[in-house]
Every structure is written in C-alpha cells, then in structure tokens.
Undergrad: 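One structure follows; several queries about it will come next.
The structure presented is a predicted model; accordingly, all values stated were derived computationally and were not measured. All heavy atoms count here, side chains included; hydrogens, waters and symmetry mates do not.
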Amino acid sequence: MAMAAALNGNTDHILRPRPVKPGNPTVLRGQSKDGTLKSNGNHDGTPSGMSSGRSTPLPADAPPSAQSISSARKQVRAQQKHRMFPTVEYAARVSHFDPRSEYRDFRGFFVLFWIGLAIMVITTTLRNIKDTGYPLRHQMWDLLTTKTWELGISDAVMVGSTALSVPLQMLFRRSKGWLRWENMGMPIHSAFQIAWLVLWVNWPFLLNWTWTAQVFFTLHTLTLLMKMHSYAFYNGHLSTTEHRLSALDNPENASTAAAVRYPSSNTQLNEMDKAAEQKKNEDEKETLDRLREDLALELTSPLGQVTYPQNLSLYNYADYILCPTLCYELEYPRTPQIQWVELFWKTMAVFGCIFLLTIVSEEFIVPVLNESAVRLQGITSWSEMSLILAETISMLLFPFMVTLLLVFLVIFEYVLGAFAEISCFADRHFYSDWWNSCDWLEFSREWNIPVHHFLRRHVYGASRPYVSRNTATLITFLVSAFGHELVMGCITKKLRGYGFVAQMLQLPIVALQRTKIVRSRRLFNNILFWSSMILGLAMMCALYVLV
C-alpha cells in the first residue's frame, strides 16, 4: 500500500531520510542553526515533494514575504538535487604563510617541534641500550648529580648575601652626613658589588664543579648582580629625593633645582633623550609647591599603594628576588592568585628542557669536540687546522640550533613563567617575536626583554645625561659584551675575547643593514640573521674549546 501511495504521489504520511547535502554556502542558507532544513511549503500550503515529511507547511494566509522565502528554498534545493558535483567557491585569498596573511596561530609547529625532540630522545635511548645496555650514558648522569648539594648550598648562600643591600640602604637613608647615597653611599655599595661578583665568579673554580653546574651558577650570579644593582641604585635615588623633599621644609637653604625623574624600565630611548634635553634647558628656579609635588610623586609607586621608605624591608626584597624582573620598582602589577596547575607544568617543563639540553650536549656536541681535539693534536699546518675547524663547525650547526631553541624555552617561557606564578607577577612579556628580527639591534630588544630593560634603564639611561646618544649606545654594547665574555670564560675556563669581538662587530653590521638599500629587504635580512646566529654559536663554541 505504501508503495502504491508513493507511486500515486501521496506522500503526506510517509517519513523519508533527509538527503545529505554538501556544505556549500548556497545550501547552508536553507538550513537552520541546528543544521536541520528550515520549514518549507508550496504557496498553497501543501508540503513540497522534496520535503522529508517533517517541514511545517505555510498557512493559507501567510504574507507574501514568507511565501517568497519558501519559494527560494525550494528553488535552491531543486538546483542542488540535479548537480553532479558539489560547488567549489573561489575568491581572492592569500596563503597562511603569506606576509599579508592575518593568520597567526602556528601552534601545530610548536607541537611538531616537541614530537621531533621526543623522536630524538627515543632513538638516542635505543642506541645507548644497544651500545651500553643502559638508556643513558654514565657521563650524563654524573654531570647532573655530581656535587649537587654543594651547588644548592652555595646558591642559597649567594642569594642570601645579596640581602646585605637592605641594611646598607637603611644606613644610607638615615645618615645625615658623608654616608648618604649621593656622598659615599654609592661608592661603598659599588665596591660591595665588585667584591661580591669576584667572590662568586671564582667560587665554581675553587670547588671544581662540572660545566653544567658552572653554567647555572654563573648565569644566576649575573642575574643576582643586576637585581642587586637595580635595587641599590633606585633606592639610593629615592633616598636622595626624600632628603631633598625634607629639606624643602626650610626652603631658605634647600636646593630648588628640578626634580630628577628616574627612568623606568618601560621608558623609550627617545623619551630619555628628550628628558636629558629638558633638564639642560629648564630654569634653575621652580615654585616650591610644584617642586614638592614632583618630589613626592617620585617617591610614590605608579599604582599609588607604596611610598618610599615603606619598601625598605627584607620581605619586600625577598619578593623582588622572586619576581622575574631585573628592574626594581616600588610596586608591580599582580595576578589574583597562583595557578598551581600552571606552575606544576612549567616546573616539569624546566626539568624536561634541562634533560634535553644535556642529551643534545652529550650526544651531539661533546663527542664532536672531543674527536676534533684529538685530531688537532700535533697539527701545525694552518690549512689542516682550518679544515678541521670548518668540519667541526658544520657538524655543530644543527645541535646548536636545537640548543638555542631549548635555552630560549627553558629560560623565557618556563623558568620566568614559573617564578611569575610563584610571585603572582602579572607582566609576562619576557620576549617578543625575536625570530622575525632583521638585525642584531632588533634581536637584542626582543630576545631578552628583562635584560634589555635593565641595560636601557641602568646603563643607557644612567649615562645619557652625560654623553651623547651614540656614546651611550656604545657603552651599553660594551657592558653587554663584557657580560657575555664573562659567561663564556667561566664555562670554558678560557679568556679569548672571541665573543666580545663578535658582539662589538654587531654595531657596524647593524649600520650596514639599516642603509636605505638593505633595510627594505626584510626577508633577506631575516635570512642573514638566522644564518649568522646559528653559524656564530657553533663557531664560538669551536673556537673557545679547540683554540
């Protein structure tokens, strides 16, 4: 009976499966939000032949607009029914990798990077089991476990020793004579910093630590030195400002020179230049009310909740040591609470990256250097020596590229991110898109933003009122080059100057890249940046270790 009714065209009481339509925009216009076909019917209110039996017919008194929509739906469905192939729509579009594309989500490549490292670890483990019977080499385990208690205790004592800055600042503030910061306070604290640095730089040599422990300890030493310097010099400036404000209670003998604004870590270089020019051009005399207001504002945090000397306490200093920043401020923006799950994963990632760095070094870097050192013994010919060095550098290119990426991740994403969670530090902008850099000056601003802020504030900003802009830039590069050379000297136990010369050569290279002909070729400059970065790391390692 049902078949006969269907042949006769009577489909009022028959339910048929809805045909699957291709996801074409013209088809989707005839679907509701939940994916089902919208109601349809003929103008006379009877269901159409294409209905599944579940569409709602139009009432007889439906307005002309509803009848037009129903007719359009029928027409679209009828067209789709007779198409042999689904429609492909073409438009003027760019690819995801095109520079004009607004697409920015490349997280899949980040996942691919970790999958590649996992493959490297698995293959290395299997090879070690085949060769030695153990998944890891004994040398790696010894590097990670030798004298760990000495390292931990020494690091804790070193961190605690920096807290001497707090009582020194209290002493300088309370002094009414030669111990004030602007008199002998600054030289005394500078001498303390130099003695502190000499002691802790030589400490790993005295205890004969492994190179992995020495890398960690040296980097932590320089980090704490910059933190201590920023804390001392900013609080010293605030103590001088407080003394000036107190002296204005008796304005007859007080100085009425303009208030000195200490450069913040976010102050742009051109703003520092303008401030220096304004300081030269301002009148010597200002109204007392305006001067008192400027001095009081300098003593108050930007968020308005802390005023010097409320910050002079061991608790405030300990909080500052935990914050992932090198520039001291009276107050920082904070998150509401610690995200413990996020902290757990970042902590695990830190140890995972250290493990991977050790594997890369022990499996792909140290064997190459050891073999090259054996081959260089007894060779006096410069041509043969150059050939061995060139071969060594070529074999170190890929391992150092992986090392660079792992060092970036472990420091700026995981270590600083973990300390940001511990201290509820809200500003997580530790790096920018340095991988798109077109010259070394751009890279120095975006690769390590905490260090860039420190150098801009305490080196460039401190020297800018006394020297020209180019000289201040040169001084900043000199300080940075000395720091990098110190790290390489502590790691390799050699002072060769290769790193210092290479970093100072960045200045003429940057000047060349910023010429009118070269600076517009961004892709070419980015290729040069990456090539020189990878080649420079491998070359520095080979020179320091083998020469």
Side-chain angles (χ1 to χ4, degrees), residues 17-41 48 50-52 55 63-117 268 398 401-402 404-405 408-409 412-413 428-447 449 510 512-534:
R18 182 180 293 107
V20 178
K21 304 291 186 183
N24 190 279
T26 57
V27 181
L28 296 178
R29 286 185 302 174
Q31 297 180 351
S32 61
K33 294 182 179 179
D34 60 354
T36 60
L37 291 174
K38 297 180 181 179
S39 60
N40 181 41
S48 68
M50 290 189 62
S51 174
S52 65
S55 50
S65 59
Q67 296 177 3
S68 300
I69 293 175
S70 177
S71 177
R73 290 174 182 161
K74 286 199 308 178
Q75 186 176 1
V76 169
R77 286 196 295 268
Q79 291 175 355
Q80 290 296 323
K81 182 178 179 180
H82 297 291
R83 285 177 180 171
M84 183 177 298
F85 301 103
T87 301
V88 178
E89 287 198 351
Y90 296 95
R93 289 177 287 224
V94 297
S95 66
H96 283 348
F97 287 119
D98 194 286
R100 297 167 294 174
S101 174
E102 297 181 356
Y103 189 80
R104 295 293 182 268
D105 186 7
F106 296 100
R107 177 165 291 273
F109 284 101
F110 183 73
V111 175
L112 179 62
F113 171 76
W114 286 111
I115 292 176
L117 290 180
Q268 300 297 326
F398 190 79
M401 182 181 70
V402 176
L404 170 68
L405 298 177
F408 161 71
L409 285 172
F412 301 108
E413 182 65 24
R428 312 292 173 91
H429 186 56
F430 305 126
Y431 59 89
S432 188
D433 57 337
W434 58 269
W435 44 87
N436 294 324
S437 298
C438 292
D439 58 57
W440 286 102
L441 201 59
E442 185 179 354
F443 169 76
S444 65
R445 291 195 305 264
E446 297 177 347
W447 153 267
I449 288 181
V510 169
L512 177 64
Q513 287 182 310
R514 294 196 170 185
T515 57
K516 187 176 181 181
I517 300 176
V518 181
R519 67 186 176 188
S520 61
R521 306 177 185 275
R522 295 191 58 84
L523 179 60
F524 174 73
N525 286 329
N526 186 244
I527 293 173
L528 287 181
F529 159 74
W530 272 111
S531 302
S532 58
M533 169 66 77
I534 300 171

Undergrad: Taking only residues two or more places apart in sequence, or in another chain, which ones meet Glu442 in a side chain to side chain contact (heavy atoms under 4.5 Å, CB included)?
TA: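 Testing Glu442 for side chain to side chain contact (heavy atoms under 4.5 Å, CB included), a comparison that skips the adjacent residues, returns Ser437, Cys438, Asp439, Arg445, Glu446, Arg522.
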Undergrad: Does a sphere of radius 6.0 Å around CZ in Phe113 hold more than 12 heavy atoms from other residues, nucleotides or ligands, not counting ones at 6.0 Å or beyond?
TA: yes
Undergrad: Grab the two heavy atoms, one from Ser101 and one from Ser95, that are nearest each other, plus how far apart they are.
TA: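 Minimum heavy-atom separation between Ser101 and Ser95: CB-O, 3.2 Å.
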Undergrad: Between atom CG of Leu512 and atom CD1 of Ile517, what is the distance when rounded to the nearest 0.5 Å?
TA: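 With rounding to 0.5 Å, CG (Leu512) is 9.5 Å from CD1 (Ile517).
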Undergrad: Would you name the heavy atoms of Trp434 and Leu405 that are closest together and state the gap between them?
TA: CH2-CD2, 4.3 Å
Undergrad: Look at the rings of Phe412 and Phe408 and say which category their plane angle falls in: under 30° parallel, 30 to 60° tilted, over 60° perpendicular.
TA: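 Aromatic pair Phe412/Phe408 classed tilted.
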Undergrad: May I ask you to check whether over 12 heavy atoms, not counting those of Phe109, lie within 6.0 Å of atom CZ?
TA: no
Undergrad: Where is the tightest heavy-atom contact between Leu441 and Val510, given as atom of each residue plus distance?
TA: N-CG2, 3.7 Å
Undergrad: Under the rule for ring pair (Phe, Tyr, Trp, His ring centres under 6.0 Å), what residues qualify as partners of Trp435, not counting sequence neighbours?
TA: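 By the ring pair (Phe, Tyr, Trp, His ring centres under 6.0 Å) rule, Trp435 matches no residue at all.
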Undergrad: Can you list everything that forms a side chain to side chain contact (heavy atoms under 4.5 Å, CB included) with Ile527? Sequence neighbours excluded, please.
TA: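 Residues passing side chain to side chain contact (heavy atoms under 4.5 Å, CB included) with Ile527: Leu523, Ser531.
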Undergrad: Can you list everything that forms a side-chain hydrogen bond (donor to acceptor under 3.5 Å, both in side chains) with Arg521? Sequence neighbours excluded, please.
TA: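 In terms of side-chain hydrogen bond (donor to acceptor under 3.5 Å, both in side chains), with neighbours along the sequence ignored, Arg521 is linked to no residue.
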Undergrad: Excluding sequence neighbours, so at least two apart, what forms side chain to side chain contact (heavy atoms under 4.5 Å, CB included) with Arg100?
TA: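 Per chain and number, Arg100 pairs via side chain to side chain contact (heavy atoms under 4.5 Å, CB included) with Val94, Asp98.
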Undergrad: Under the side chain to side chain contact (heavy atoms under 4.5 Å, CB included) rule, collect the residues that match up with Ile534, sequence neighbours excluded.
TA: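 Testing Ile534 for side chain to side chain contact (heavy atoms under 4.5 Å, CB included), a comparison that skips the adjacent residues, returns Leu397, Met401, Trp530.
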Undergrad: Which value, rounded to the nearest 0.5 Å, describes the distance between Leu409 atom CG and Tyr431 atom OH?
TA: 7.5 Å
Undergrad: Looking at Phe443 and Met533, what are the two nearest heavy atoms and their distance?
TA: CZ-CE, 3.3 Å
Undergrad: Name all residues meeting the ring pair (Phe, Tyr, Trp, His ring centres under 6.0 Å) criterion together with Phe430; count only those two or more places apart in sequence or in a different chain, and write none if there are none.
TA: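 Partners of Phe430 by the ring pair (Phe, Tyr, Trp, His ring centres under 6.0 Å) criterion come out as none, since no residue qualifies.
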Undergrad: My understanding is that only residues two or more places apart in sequence, or in another chain, count here; which of them pass ring pair (Phe, Tyr, Trp, His ring centres under 6.0 Å) with Phe106?
TA: Phe97, Tyr103
Undergrad: Tell me, please, which residues at least two apart from Asn526 pass side-chain hydrogen bond (donor to acceptor under 3.5 Å, both in side chains).
TA: none
